[in-house]
Amino acid sequence: MNDASIIKLFFERNEKAVEELKHSYEKLCFYIAGNILSQKEDQEECVNSAYMEVWTSIPPNKPDNLKTYLCRLVKNCALNRWKYNTAAKRNQDFSVSLDELSECIPDGKCIEETVSEEQLGLAISEFLKAQPEKYRKVFVRRYWYSDTLEDIAAFYDMNSRTVATYLFRVRKKLKAFLQKEGYIDE
Amino acid sequence: MSDLKLYNSINKINDDLIEEAACTEKPVIHHCYGIAASAAAVFIAVGALGLFHASGSLGKTDLSTNTPVIGQNTTETVTATTTPAISDETIQTSSAGTVTLTTQVPMTSAQASVSYSKTSTIPQNSQNQTSAFSALAVTQTASTGKETGKAAESIITTAVSAYDYEYEGSIIMKKHAAALAALIAASGTTNAIPAQAQTQAYKVEASPTASSVKNFIDGYNPDLDLNSDGKFDIFDIYAMFRCDWTPIENVPDHIRDKYEGMTRKKKDDNGEIVNIDGFDFYQDPFYLNWHDLAEYYFTYCSIKPEYFDPNYYIDNCPDTYTDRVPLDVVKQDIGNIQIWDDEKFATTGCYVKNGDGSFRPFSEEDIHDAFYYNEETGRYESDSLFFFNNIEFPEIYQFISECKDLAMPELYQTNALLLDILNRGYADTDIDSDGVYDFDDIVLLAYYANTYENDESESADPLYYAFSSHQTGSYPAELKGSSDAPITEEEWNKADDFFDIARYYYESDRNTIRFLAEDYLLKNEVDTKYFDPVYYEKQNFAHYEYDDNFLYTVDPYNEILFDQLGLFESFALMYGPGSEENVYPTENEEEAETLYEDAFNAAFPVYYKNVKAGVIPGPDIDLDGTIGISDYVILDTIGLYYVGIDEMDSFALFIRRHPEVRADINLSQEAIDNYKNNFDFNNNGISCDYLESDCMRMYIFNELVKQYSDEEALYDAINDYSEEHPELTYSRISYEKNGRIHQEQWCWLYKISKVHCRGRQQR
């Protein structure tokens with residue numbers, strides 16, 4: 001069933017909507033949750049929470065892209081869950097990607113407090129759109145989908161060394177961009 | 001926690017970016033060699049032009065100024081006059097050895113309009129006419145230079161019905177349009193429809209990006225001479241890179257001022273920013289950036305090995321930039337390097353910051369700080385923080401690296417750079433050391449490229465392993481001491497040396513081999529054994545297996561050259577010496593499909609009318625007096641039996657050269673003779689060519705669908721009939737004859753070519 005039909009079921013408050021949603025996107029949801037949370041129970045809880053969130057938010061929301069809408073909900077839930085988990089339960093790969101992002105912020109400095117995450121997200125979107133497609137896609141797979149380097153290499157049929165190089169380059173440029181645009185608190 | 005805030009912000013990027021990254025497709029440009037099996041028949045249908053001479057004068061034309069770069073000759077960059085526009089001198093022209101061929105293909109009788117009169121003529125194609133062949137062929141109103149049946153013609157007179165069956169036929173066609181799509185992908189004996197008169201030339205496709213940039217430059221005339229030295233050359237590209245991607249305060253003022261005033265996008269008269277066709281995913285208004293400009297430059301202006309030599313920029317760049325690593329420091333390290341490879345580039349392009357702000361070249365002593373051993377992957381990997389804080393890559397190196405990464409991969413058609421490298425003697429191509437460079441050397445290189453296994457650890461970090469004592473590309477252990485080894489250790493080492501150089505410039509070994517093979521075939525005739533799978537099988541270069549209808553190499557990664565034999569043979573026939581004797585299909589797949597569709601749309605109503613009027617026989621293939629499912633299925637079966645003969649895929653090459661392995665067909669001789677002789681409606685000398693076969697299938701389909709509830713029910717009935725008559729299942733190869741093992745899984749690896757050469761058709 002296509003997304004438009006699924007959304008229609010949500011608007012009709014037909015419980016089949018959730019079944020169809022699961023049928024289409026369950027694998028993807030677990031993939032995203034699994035990149036952040038290592039425990040299966042945590043992943044299940046997040047995915048189910050996301051389905052509930054979709055049920056309660058549509059209507060009145062009518063997302064243009066149901067897949068991305070759902071993915072965001074899963075990811076946010078997973079992130080929230082991750083914050084509450086103890087260090088022992090943390091997904092090591094996910095921690096690695098945060099460490100990498102810290103390179104984008106100069107030593108001893110931080111992101112401007114007055115800048116909201118939404119504003120910064122928009123700015124980063126514009127930055128990414130100005131990058132070559134290859135770099136952009138790899139960056140998003142790493143820091144939005146939280147893929148490992150090997151996952152990204154396999155996904156795009158690339159060499160993992162190349163993936164690391166692309167990420168390195170984009171982080172450097174992002175650092176320069178954040179400084180130039182005044183998002184770093186000097 | 002700023003890193004978490006940054007991470008959360010990334011979490012809030014636009015949906016389209018998230019969606020884009022979910023797509024596994026790389027930005028691949030259409031490659032004319034890669035077509036799916038289902039499209040092959042259409043391709044062949046249009047491409048196979050049958051037995052027609054290429055008439056008219058043939059000329060060899062030089063590349064136009066709008067043509068991308070191919071060939072060997074290079075020219076220096078142009079000196080502009082008042083405006084630094086690109087002059088014709090910057091456009092490379094082909095050398096005498098790089099041929100562009102044109103040929104005229106005449107319109108044939110099958111394209112001619114068909115008229116109906118009370119008299120018509122029909123050639124008697126063979127001596128095996130049956131009683132079914134009592135009707136008439138249509139009158140051709142134009143035919144030029146074609147071969148028809150050889151027998152004497154007889155004149156038969158008949159009356160034509162007044163009912164407008166032709167109109168009815170056109171309605172049927174529209175009604176079963178979906179069925180038509182399935183029909184066209186089926187089989188036939190060849191030569192569905194000849195293309196209209198057209199010229200063909202060996203030409204290089206430009207990437208959409210390069211074309212888009214060209215359109216922009218042609219339309220809006222931006223001033224590309226960024227360094228204002230009166231010419232547009234690689235140093236302007238470098239200047240744009242420095243402005244686009246490195247701190248602009250390090251760029252000379254005159255360049256920065258010009259860059260900031262440069263026309264990089266344009267509004268049309270309505271004030272709207274224009275979209276240039278073929279631009280990227282976002283379909284943003286066109287915005288010129290340095291790597292797209294580099295791709296344009298390499299495609300239309302010049303591409304030379306020195307553009308990938310850091311020395312070239314240090315010694316020749318007329319502009320003075322502020323570089324993080326002083327160029328005199330870099331020059332000390334690389335001044336003696338003449339020929340570059342990946343290892344030299346990696347080891348000389350990395351500098352370590354000293355405490356006093358100066359730089360020194362990266363050395364073995366730095367390995368311990370810069371790399372760590374990853375137990376999970378079993379590799380030494382770079383410490384990204386160390387690199388971030390302590391390492392600098394000279395901007396020139398960054399430029400070269402990014403050019404190779406971003407601009408070069410799209411130049412898949414351009415062999416100019418490789419030929420230049422070979423002409424300069426950077427790499428030795430006489431792999432077998434027999435004193436000459438010939439196709440044997442290309443075969444050895446292809447074998448090496450297929451067999452070479454990239455050491456996983458090497459690919460993890462070339463910088464680390466450049467300083468280690470590891471060895472890569474060694475002669476495979478399994479070949480040592482083997483009497484069947486297709487390549488000696490010495491030849492292997494020479495191939496390894498060749499690719500050390502080639503891989504610095506070309507990411508894809510496949511492209512390297514393709515460039516070499518095509519260039520050679522363009523200029524030389526070769527023994528046909530090089531297109532025979534058996535030759536490679538016997539020489540142990542590749543091993544082949546067979547499926548019902550396909551011949552393929554056993555190793556799915558063994559595709560370079562050995563699984564593309566039909567491709568290269570067709571290339572040789574189309575463009576090599578003596579190719580003027582052959583005919584050429586349209587290169588444009590979309591155009592080819594359109595031509596065939598147009599031809600079918602024109603032919604079927606006429607065919608339908610003629611059958612209904614009794615002018616030509618109905619498609620009673622098995623001669624049982626009725627038109628039914630059996631005729632439909634048999635039409636397909638016989639078509640499969642013959643379809644391989646005229647094609648250029650590896651299977652067809654094999655069958656043509658070794659017809660003794662072709663399986664027997666399980667049909668009556670009467671049916672076979674009927675098929676072979678009695679259905680040449682367009683008088684091209686071939687009964688049941690693609691067009692005729694498709695017309696017949698459509699006719700049968702329409703007659704039968706009346707008996708069923710809908711098309712789906714008819715399809716089911718056809719499938720049921722096929723299952724009930726397994727004797728009609730046809731495998732092109734006789735497994736018993738050939739003694740091969742049938743494999744459950746197979747890989748679609750070969751490409752169907754497009755050429756049908758006169759005189760090669762066999763029945």
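In the text below, chain A, chain B and the rest are named by the order of the sequence lines, each starting its count at 1.
At a 4.5 Å heavy-atom cutoff, A:Tyr183 makes no contact with chain B through either its backbone or its side chain. If you measure heavy-atom distances from A:Tyr135 to chain B, the contacts under 4.5 Å come from the side chain alone. For A:Leu178, the part lying under 4.5 angstrom from a heavy atom of chain B is the side chain only. If you measure heavy-atom distances from A:Lys172 to chain B, the contacts under 4.5 Å come from both the backbone and the side chain. With a 4.5 angstrom heavy-atom cutoff, A:Gln119 does not touch chain B via any of its atoms.
Per-residue counts of heavy-atom pairs under 4.5 Å with chain B were compared for A:Leu28, A:Leu174, A:Val115; the largest is that of A:Val115.
Looking only at distances, a side-chain donor or acceptor of A:Lys134 sits under 3.5 Å from a matching main-chain atom of B:Asp405. In this structure a side-chain-to-backbone donor-acceptor pair under 3.5 Å is missing from B:Tyr287 to A:Ala130.
Once rounded to the nearest 0.5 Å, the distance linking CG of A:Leu101 with CD1 of B:Ile10 reads 4.5 Å. Between the NZ atom in B:Lys12 and the OG atom in A:Ser125 there is a gap of 11.5 Å [rounded to 0.5 Å]. Note that the CG atom of A:Leu122 and the OG atom of B:Ser9 stand 10.0 Å from one another [nearest 0.5 Å]. One finds the CG atom of B:Leu6 at 12.5 Å from the NZ atom of A:Lys175 (value rounded to the nearest 0.5 Å). In this structure, NZ on B:Lys5 lies 7.0 Å from CD on A:Glu117, to the nearest 0.5 angstrom. Interatomic distance, CG of A:Leu120 versus CD1 of B:Ile13, reported as 11.5 Å (0.5 Å rounding).
Atom CD of B:Glu249 sits in a crowded spot, with more than 12 heavy atoms from other residues, nucleotides or ligands closer than 6.0 Å. For A:Glu15, the CD atom counts as loosely surrounded, since its 6.0 Å shell holds 12 or fewer non-hydrogen atoms of other residues, nucleotides or ligands.
Between A:Tyr156 and B:Ala21, the closest heavy-atom pair is OH-O, 2.6 Å. Scanning both residues, A:Tyr145 and B:Ala22, for their nearest heavy atoms gives OH-CB, 3.5 Å.
Of the options B:Asp16, B:Asp15, B:Leu17, a side-chain contact (heavy atoms from CB on, under 4.5 Å) to A:Thr68 is made by B:Asp15 and by none of the others.
There is a side-chain donor-acceptor pair under 3.5 Å between A:Ser146 and B:Tyr7.
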> Would B:Ile18 and A:Cys71 count as a side chain to side chain contact (heavy atoms under 4.5 Å, CB included) if you check the C-alpha gap in whole Å, the side-chain angles of each, and the deciding distance to 0.1 Å?
Replying inline: CA-CA 9 Å; B:Ile18 300 165; A:Cys71 288; 5.5 Å; no

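Using cut-offs of 30° and 60° for the angle between ring planes, the B:Phe387 and A:Phe168 rings count as perpendicular.
Ion pairing of A:Arg136 with B:Glu20 is present here, as a side-chain N (NZ or NE/NH1/NH2) and a carboxylate O approach within less than 4.0 Å.
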